[in-house]
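Written below as C-alpha cells is the structure these notes are about.
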Amino acid sequence: MARYIATQMVRFAALMLAISFVVFALVSLSPIDPVQMNVGQAAYMGMSEAKRAQLAEYWGVGTPLLERYASWLGSVLQGDWGISLRFNAPVLEVIGNRAANSLALLAIAWVASGVLGLVLGVVAGANRDRWPDKLVKGYCFVLASTPTFWLGLVALMVFAVWLGWFPFGFSVPIGVSAADVTLFDAARHIALPAIVLSFVGVANIALHTREKLVDILESDYVRFARARGLSTRQIVRRHGMRNLLLPAITLQFASISEIFGGSVLVEQVFSYPGLGQAAITAGLGGDAPLLAGIAVVSAVLVFGGNLAANVLYGVVDPRIRRDRPAARRVKNRRLQNGAYDAQKARGGSVVANAAPSAYAASEPLVAVGGEIRAIPAAGEPIRVSRAVERASKAVRQAMAVGSLLHAPRTAGANRVGTLAKFVAAAVALVAVIAAGLALSDAATATDFSMKTLAPCLSHPFGTDWMGRDMLARTLSGLSTSVLLGLVAACVSSVIAVVLGAAAALGGPKVDAVVSWLIDLMMGVPHIVLLVLISYALGKGFWGVAVGVAVTHWPNLARVVRAEILQCKQSDFVMAARRMGKSSAYIALRHMVPFVLPQFIVGLVLMFPHAILHEASITFLGFGLPPEMPAIGVILSESMGYLSAGMWWLAVFPGLALVAVVMLFDAAGESLRKLVDPHTSQQ
C-alpha cells in the first residue's frame, strides 16, 4: 500500500509540474505588455525609455520562456506567488481570502450533487423503463442541456427578485462588517448559489449510476437472488449498493473539475467573492500573477481529487494495487479474445474466429468472396483472383458501415426515430443560421421610442433598453453561437482523430505522450482553461474559437484510440496483413470505415457542448464584442436589468439556447445507441 501511494504521489507531482508550465506559458503568450499593465497607461506614456527598459528587464520582457518559468517556479515553491495588480496584495493572500468562500460553496455543492445523483440513479435503475426511470432520464437530459449561468440567472430572477426569499448576491449583507455577520446571514447568501451549483454534476452521476445498476440487476447472481425470493429493494441494498461503491467514488471525485468550472459561472452571476470571480477579474484586467495562481490552485484541487480517488481504490479493492503488470496482461488477453464478439455485435465480421474440425486450431480462417480459406503462416501472402478480391472488398465495405446502417432495432433506438431527429436537427440548424444572417441588420437596429417593451404581437420576445427587437437579436446571436460552435467542434474532432490514431498506432511512447496530454487537458477545469487560452490570444473571436476547439478533444480521442486498437486486433485486419496488404491500405480500407461511425457520433455529441462552452466564455466577457451579438453577450447584458423586471431579456434567449442544445443532444444520443448495441439496451 505504501508503494502504491508513493507511485500516485509521484504521478501527482509530475502532472502538477507539467500543468504549471502550461499555465505559465499561456499567461506569458498574452499580447498584453506587462510593463504598461503594471504601471498604468498614463505613467507609461510619461516614462523615459531608460526607465521603460529597466522595468522591462525587471518583468522579464525578452527573457527566454524557460528561464522565466524556472525563476517563477522557484519563487512559487518558496511561497512568493507575486503581487496581484487588481487587488494590490500578494497573490497568496488574495487566494487565501477568496478560497474560504469558494471551498464552502464547492463542498456543499459537491456533497449535495453526489448524494442527489446517487439517489436518482438508484431510483432510475431499480425502476428501469417505468415512469420513475423516464422521469429521472428526462430531468437529467434537460439539466445536461442547460447552461449553468442561465440556470443561475433564472434562479436569481425568481427567488431573489420576484419572491425575495434570498439576497440578490454577495456572500454577506452590504454595509455590514465581518464581525457583525451572523451564521444565518452567511447561510442565506450561500444557499441559492450552492443550490444552483449542486445541479451541475447531478445528471452525469445519476445516469452513470443508473447504467451500472442496470448491469448489476441483469447479472447471474441477481437472478439467483430473485429465485431465492428476494425483492428488488433487498437486492439493491445487499448487492447493488456494494457494487456501486467504486463507480460512486470515481464519479464523485471526477466531478470536482466540473463543479469548480461551474463555480466560476455561478460566482459571476451571484457576485459571490470566491476564486471563480477573482479569476474572471484577473483575466479581464490583465492580472497575470493572480490568474496563473488561481489556475494552479484549480489544478491542485482536480489532481488532488483524482489522487484521493486512486488511493481509495487501493483501499477498497486491493487487486488494483497488486500485480498491476499482470492485471494489464489479463486485460489485453480479454480484449483480444473479445475482438470477434465485439465485431459481430457491431454488424458482423468477414473473418471466422473459430476453425471447423477440418483445420487445426492454430490455423485461423478467412472468408473471402463467400469461400472459407485457411490463412498460411505469417509472411506467406494469399493469392486470390481479382473477382474474389473485388467480392471481398465489397463484403468489407458493407461490414464497415453495417453497425451504422444495419443496426438491429431495439427499444432504446431505432433507425426511423434517429433519422427523424437528425432531420429535425438539420432543419433547425439551417433555419437558425439562415434566420440569423437575414436578421443581422434588424438585430442591431435601435429605436428608443420602442425601448423596454414587454413581449407583444409586434415584438414576440420584447425589446431591450435600446429598442432592439429581442427576437431578431436572439436568432442572430444564436446563429453566431451555432456557427462558432460548429467550427470549433469540427476542429476539435480532427484533433481527436489525429491524436487518438497516433496513440493507437504510434507505439507505447506515443501512447504515453497522448495520455499525458489528455491528463493535462483534464487537469484544469474547462472554463478556467478557456479563460487562460482567451487571455493568451488577446480575447475576442479567435480566443473563443481556439479555446473551445483545443479543450474538447480528449474524450473523443480516447474513443478513437480504443476503436483503432480493437480494429488492429480484429481477425479481418490480421488476415489483410497476411494477404500482403500495406499499412496504408489497411488504414484506408479497414480502420477508417471502422472508426467512422464513432467519429460521427463524437462530432454530433461534441457540437452542443461546444455551443454551451462558447456561450459560457462569452457570458464571462472573454468572447465576442457587444456589437457582434451572441447568446452569451445577450445574457450577460440582461443581468443589469433583472431587478428592473425585464425578465424577457434573459428568459427567451436562454430557452432558445437550451432548445438547440437539447435537439442536438437527442440526435447524438440516438446515433450513439444505434451504433453501440450495448447502450441501446440500457
Side-chain angles (χ1 to χ4, degrees), residues 114-137 140 202-254 309-310 312-324 326-346 353-354 403 407-413 558-559 562 566 669 672-682:
V115 173
L116 182 59
L118 181 64
V119 171
L120 291 178
V122 170
V123 170
N127 297 275
R128 179 186 176 185
D129 296 332
R130 294 197 289 269
W131 70 265
D133 183 26
K134 296 178 181 179
L135 187 62
V136 170
K137 289 195 296 184
C140 293
V202 168
N204 189 40
I205 295 175
L207 293 177
H208 280 80
T209 302
R210 173 197 176 274
E211 183 175 352
K212 179 63 178 178
L213 184 59
V214 168
D215 290 338
I216 293 172
L217 295 179
E218 291 180 347
S219 60
D220 292 337
Y221 63 86
V222 169
R223 293 192 183 97
F224 179 72
R226 292 188 187 278
R228 290 166 48 205
L230 295 182
S231 64
T232 301
R233 179 177 299 180
Q234 292 174 321
I235 291 173
V236 170
R237 187 178 68 252
R238 298 182 184 181
H239 300 287
M241 299 305 297
R242 181 178 300 176
N243 287 279
L244 287 174
L245 180 59
L246 274 180
I249 293 175
T250 305
L251 295 171
Q252 186 68 6
F253 283 95
N310 291 336
L312 287 175
Y313 294 160
V315 174
V316 175
D317 190 348
R319 295 173 299 177
I320 295 178
R321 66 177 187 263
R322 294 179 191 160
D323 198 16
R324 300 187 65 170
R328 283 195 294 268
R329 289 194 297 269
V330 171
K331 181 179 179 180
N332 291 334
R333 284 199 300 270
R334 289 178 178 175
L335 181 61
Q336 293 174 358
N337 294 336
Y340 172 74
D341 294 334
Q343 280 301 306
K344 185 175 181 181
R346 294 176 62 87
N353 197 32
S403 61
R409 291 181 180 269
T410 63
R558 288 173 173 171
V559 173
Q566 183 177 339
E669 284 298 320
R672 182 177 66 88
K673 292 177 181 179
L674 191 65
V675 170
D676 190 348
H678 175 72
T679 58
S680 67
Q681 297 171 4
Q682 300 301 319

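In this text the structure is predicted, and so the values were computed from the model without any measurement.
The distance from atom NZ of Lys137 to atom CG of Asp129, rounded to the nearest 0.5 Å, is 6.0 Å. Taken to the nearest 0.5 Å, the NZ atom of Lys212 stands 16.0 Å off from the CG atom of Leu207. The line from NZ of Lys134 to CG of Asn127 is 12.0 Å long, rounded to the nearest 0.5 Å.
The two atoms that bring Leu217 and Gly125 nearest to each other are CD1-O, 3.6 Å, heavy atoms only. Of all heavy-atom pairs spanning Ile205 and Gly114, the tightest one is CD1-CA, 3.9 Å. The two atoms that bring Cys140 and Ala206 nearest to each other are SG-CB, 3.7 Å, heavy atoms only. Across Leu213 and Gly121, no two heavy atoms sit closer than the pair CD2-O, 4.4 Å.
The one candidate from Leu118, Val122, Leu116 that meets the side chain to side chain contact (heavy atoms under 4.5 Å, CB included) condition with Leu120 is Leu116.
Sorted by first then second residue, the salt bridge (Lys or Arg N to Asp or Glu O under 4.0 Å) pairs that include residues 222-235, not counting sequence neighbours, are Asp220-Arg223.
Listed by chain and residue number, nothing satisfies the salt bridge (charged side-chain N to carboxylate O under 4.0 Å, His left out) test with Arg237 (two or more places apart in sequence, or in another chain).
Here the side chains of Leu230 and Arg238 are in contact, with some heavy-atom distance below 4.5 Å.
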